[in-house]
Amino acid sequence: MIDVTDLLDPLNDAQRQAVTAPSQAMLVLAGAGSGKTRVLVHRIVWQIQVQGVSPHGILAVTFTNKAAREMRGRIEELLQRPTHNLWIGTFHGLAHRLLRRHANQAKLPETFQVMDSADQLRVIKRILQGMNLDEAKWPPKQVQWFINAQKDEGVRARHMPETGDLYQGQMIAIYRAYEELCDRSGLVDFAELLLRAHELLRDNPDVLSFYQERFQQVHVDEFQDTNTIQYAWLRLLTQDLNNLFVVGDDDQSIYGWRGARIENIYSFQKHFPGHEVIKLEQNYRSTGNILKAANQVIAHNEGRMGKELWTESGEGDPISLYAAFNEQDEAFFVIERIRAWIKEGGARADTAILYRSNAQSRQFEERLVVAGIPYRVYGGLRFFERAEIKNALAYLRLIANRDDDVSFERVVNTPTRGIGAKTVDDLRIIARDRGTSLWRAAAIMLEHGMLSARAGNALAGFMQLIDRLAAETQGMELFEQVKRVVEKSGLIEFYQNSKGEQGEEKVENLEELVNAARLFDPNIGNEDNLGPLELFLAHAALEAGEMQGEDFDDCVQLMTLHSAKGLEFKVVFMVGMEEGLFPSLQSVEDPKRLEEERRLCYVGMTRAMQTLYMTYAESRRLYGRENYPRPSRFLREIPAEFIQEVRLRAQVSRPAAAAPVRQASASLSVSQYKLGQRVSHTKFGEGVILQLEGQGAQERAQINFKGAGVKWLMLAFAGLNALS
DNA sequence: CTCTACGAATTTTTT
DNA sequence: ATTCGTAGAG
């Protein structure tokens, strides 16, 4: 008899129902904070321990590496043993694995390399140059977007109809040229991983049936974020097998703009008739007021699956709404509240400032610096995306695959070795004419003496360097290989000679890369005997690494609403709640996009465990212009009963009876103060009132003095004079 | 090749 | 306002 107490005891009724359901197509609609990862983890362990499914027969798919890691960790914890042959990974990671295993059938060279989006953009720019197209008329970003959008829908250039439309026709031509170059260079972009993996299964019945038989149970996290090709891939693997278990929340679909199809969750019913839907609505994160407010906001969306979060914990505090005078005042308010939280013993890391766009972080950062409060901003360059790291990787990639044109172009003259734009242009022409890679074109040109002596020597030197590195590092340990390449490529020297701290940091990062290679364990989930270098390079592309220096310090968290998804904080500040900012100006016209903004608002609100602050500014400087935005419509969608307005200013309109008796001899009476009023001070000179708070002898004002900066003054003693 | 100047854009991000 | 990328000059 198997003891399932540990497995089922921590679950509520709905969760248990989902975990123990018989094998069938299942959709678990898991609200925010309802324990969706727990359900997924327990479901998998249930299948292994109770249903007798071998870990070998289980597939679990996530969107981020972080989620995949977390899931594996929790499964192992519950199982009390490692799960080596259980496939858990991201769509991209799993697709990559399939393509490596079946490179031949996927029509890819064994040495194919994964490109990240920056690499992809470079390739596209090169294509545009090669086609003599003006980048102003054909913005590379837009082309990239177009190509990825097609791939996300499973559409290849050859599938696209010539409609006679000039724009469309040109785009197709670019797409086609792009495909050709990628094929020639053995390069695969992110969208291609998915598309190619789909085609592999679709066009190779033997491969498909192999995996259909292998994966007895398939699980998907964040199903609302799947795009067309990902869903198609899942269906290929599971159709008619009653073994697809998906977890998602249509109310948290916020990635429609990058191809996610919320409709997938709605059409699940159609594609898997007779599937079961289980809703997880009990929330273990937030207080009642926050949940009810969030429920009300999201209720404004149409066509939802329908779901209402509830909690057994109490009502908690109402949401605090603060109308700031301007964006500076907004930041001031937030930082004051954080200060108060810390003073009462709260941890900085339990507070988060969430904003719609990255540009908004600045005000808060400045204030936090002044206040001396440590903080961490999410987003920005990650380790494997840094230029120096990408350069080092490019050398390694060339060693693995000489035909990798992106890498070739990247480092052929980095560090500078006298191979100018002209030479590379010539190479490109030959490569194009012969339909081959830059490396081979270079070989041809050298062989036929088609280059000037100087350029030829430089180029030959470069090629010898790569060949020599490849020969020397043959059979070396991965980290030694990386170390040797970093040293001999001349990159270290190059950055040491480049000026100042910038260069120093880059050298450190390169050393860190060697370290990363040392720590890299190619055996994690490596059932195939792939070279460690290939795996390391794929790892670098598929997992760009953490943001700068993983500091587990106690820091205030600053991030966009998007990056907050999946996280939780005791105290959350949603700032910039203004029309045009949030919802974003670009979304207000289109009802679909507006609904996505509303879901984003819902996501933000449901991050808060204890306290939720929402703020907006009555005046905001944006793109150098002063704006007077209206408060966000989402604020109006929250019933007043859940909101408490915070007023730092004196309540001028307060009834006389309630007005406190003033004892101190303030030189101005309270009713004379207004925000924005100009005043003068004997010592600080002229200034403008930003804030008013407290009453009577306690009354104080925050004033921005022209000379002395922003000060808080007790009015009773300040001796201010009002200026007209 | 590096430096300067000018112009244009400016939601959200993982893989 | 600020940043980022390109074009043109030295």
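What's counted below: heavy atoms across the whole structure, side chains too, no hydrogens, waters or symmetry copies. Quick caveat: nothing in here was measured; it's all calculated off a predicted structure. Per chain, numbering begins at 1; letters A, B, ... match sequence-line order.
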**Student:** Is there a side-chain polar atom (N or O) of A/S563 under 4.0 Å from OP1 or OP2 of B/dT13?
**Tutor:**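 Yes, within the criterion.
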
**Student:** Please check if any side-chain donor atom of A/R620 sits under 3.5 Å from a side-chain acceptor atom of A/N627, or the reverse.
**Tutor:**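 A/R620 vs A/N627: no donor-acceptor pair found between side chains.
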
**Student:** From CD of A/E385 over to P of B/dT14, roughly how many Å is that when rounded to an integer?
**Tutor:**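 Going from A/E385 (CD) to B/dT14 (P), I get 8 Å.
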
**Student:** What contact category does A/N413 fall into here, base, sugar-phosphate, or nothing, at under 4.0 angstrom with non-hydrogen atoms?
**Tutor:**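 The residue A/N413 makes sugar-phosphate contact but no base contact.
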
**Student:** More than 12 heavy atoms of other residues, nucleotides or ligands under 6.0 Å from CZ of A/R630: yes or no?
**Tutor:**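 Not more than 12 within 6.0 Å, no.
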
**Student:** Compare side-chain N and O positions of A/N65 against OP1 and OP2 of B/dT14 and report whether any pair is under 4.0 Å apart.
**Tutor:**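 No, A/N65 has no side-chain N/O under 4.0 Å of OP1/OP2 on B/dT14.
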
**Student:** What nitrogen or oxygen pairs link the protein and nucleotides 7-11 of chain B at under 3.5 Å?
**Tutor:**
residue: B/dT11; atom: OP1; partner: A/Q586; partner atom: OE1; Å: 2.7
residue: B/dT11; atom: OP2; partner: A/Y623; partner atom: OH; Å: 2.9
residue: B/dT11; atom: O2; partner: A/R356; partner atom: NH1; Å: 2.5
residue: B/dT11; atom: O2; partner: A/R356; partner atom: NH2; Å: 2.4
residue: B/dT11; atom: O4; partner: A/R593; partner atom: NH2; Å: 2.3

**Student:** Could you state the CD-C1' distance from A/Q144 to B/dT15, rounded to the nearest angstrom?
**Tutor:**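 Spelled out: CD on A/Q144 to C1' on B/dT15 is 12 Å.
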
**Student:** Run A/Y178 and A/D189 through side chain to side chain donor-acceptor pair (under 3.5 Å) and show every step you take.
**Tutor:** CA-CA 11 Å; A/Y178 172 79; A/D189 63 50; 2.6 Å; yes

**Student:** Whole Å only: how far is the CG atom of A/L561 from the C1' atom of B/dT13?
**Tutor:**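 A/L561 atom CG is separated from B/dT13 atom C1' by 13 Å.
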
**Student:** Is the closest basic N to carboxylate O distance between A/D152 and A/R261 below 4.0 Å?
**Tutor:**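 A/R261 and A/D152: not salt-bridged.
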
**Student:** Quick one: the side chain of A/S117 and the base of B/dT15, do they pair up donor-acceptor inside 3.5 Å?
**Tutor:**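 Flag set: donor-acceptor pair detected.
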
**Student:** Let me know the distance between CG of A/L585 and P of B/dT12, rounded to the nearest Å.
**Tutor:**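 Computing the A/L585:CG to B/dT12:P distance gives 14 Å.
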
**Student:** Are A/N326 and A/Y628 linked by a side-chain donor-acceptor pair shorter than 3.5 Å?
**Tutor:**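 No, no side-chain donor-acceptor pair sits under 3.5 Å.
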
**Student:** Which of these, A/L94, A/T228, A/I229, sits in a side chain to side chain contact (heavy atoms under 4.5 Å, CB included) with A/L194?
**Tutor:**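 Among A/L94, A/T228, A/I229, the one that satisfies the side chain to side chain contact (heavy atoms under 4.5 Å, CB included) with A/L194 is A/I229.
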
**Student:** Checking contacts here: which listed nucleotide (B/dT14, B/dC1, B/dT12) is nearest the side-chain heavy atoms of A/R382?
**Tutor:**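 From the listed options, B/dT14 comes nearest.
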
**Student:** Side chains of A/Q150 and A/Y175: donor-acceptor distance under 3.5 Å anywhere?
**Tutor:**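 No, because no side-chain N or O of A/Q150 sits under 3.5 Å from a partner of the opposite role on A/Y175.
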
**Student:** Mind calculating the distance between CZ (A/F63) and P (B/dT12) to the nearest angstrom?
**Tutor:**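 So the two atoms are 21 Å apart, to the nearest Å.
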
**Student:** Can a side-chain donor-acceptor contact be found between A/E330 and A/Q363 if the only test is distance below 3.5 angstrom?
**Tutor:**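 There is no such pair (donor and acceptor under 3.5 Å, judged by atom type) between the side chains of A/Q363 and A/E330.
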
**Student:** At under 4.0 Å between heavy atoms, what does A/K125 touch on the DNA or RNA strands: base, sugar-phosphate, or nothing?
**Tutor:**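 Sugar-phosphate only.
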
**Student:** Just to be sure I understand the geometry, which residues of residues 253-262 of chain A put a non-hydrogen atom under 4.0 Å away from DNA chain B?
**Tutor:**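 Here the set is A/Y255, A/W257, A/R258.
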
**Student:** In whole angstrom, what separates A/Q360's CD from C/dA1's C1'?
**Tutor:**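 Those two atoms, CD and C1', are 15 Å apart.
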
**Student:** Would you kindly give the CD-to-P distance between A/Q120 and B/dT15, to the nearest whole Å?
**Tutor:**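 For the pair A/Q120 CD and B/dT15 P, the rounded distance is 16 Å.
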
**Student:** Between B/dT12 and C/dG5, how far apart are the C1' atoms? Round to whole Å, please.
**Tutor:**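 It comes out at 22 Å once rounded to the nearest Å.
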
**Student:** Using a 4.0 Å heavy-atom cut-off, does A/D189 contact any base of the nucleic acid, only the sugar-phosphate backbone, or nothing at all?
**Tutor:**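 Result for A/D189 = nothing.
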
**Student:** By nearest heavy atom, map A/T560 and A/T416 onto DNA chain B; which one lands nearer the 5' end?
**Tutor:**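 Counting from the 5' end, the first nearest nucleotide belongs to A/T416.
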
**Student:** Could you tell me if A/E388 and A/N509 have a donor-acceptor pair between their side chains, going purely by distance under 3.5 Å?
**Tutor:**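 Judged by distance alone, the side chains do pair up.
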
**Student:** Output the rounded distance in Å from CG (A/D134) to C1' (C/dT6).
**Tutor:**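 So the two atoms are 12 Å apart, to the nearest Å.
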
**Student:** Angle between ring planes, A/Y211 versus A/H102, binned at 30° and 60°: parallel, tilted or perpendicular?
**Tutor:**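 Geometry flag for A/H102 against A/Y211: perpendicular rings.
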
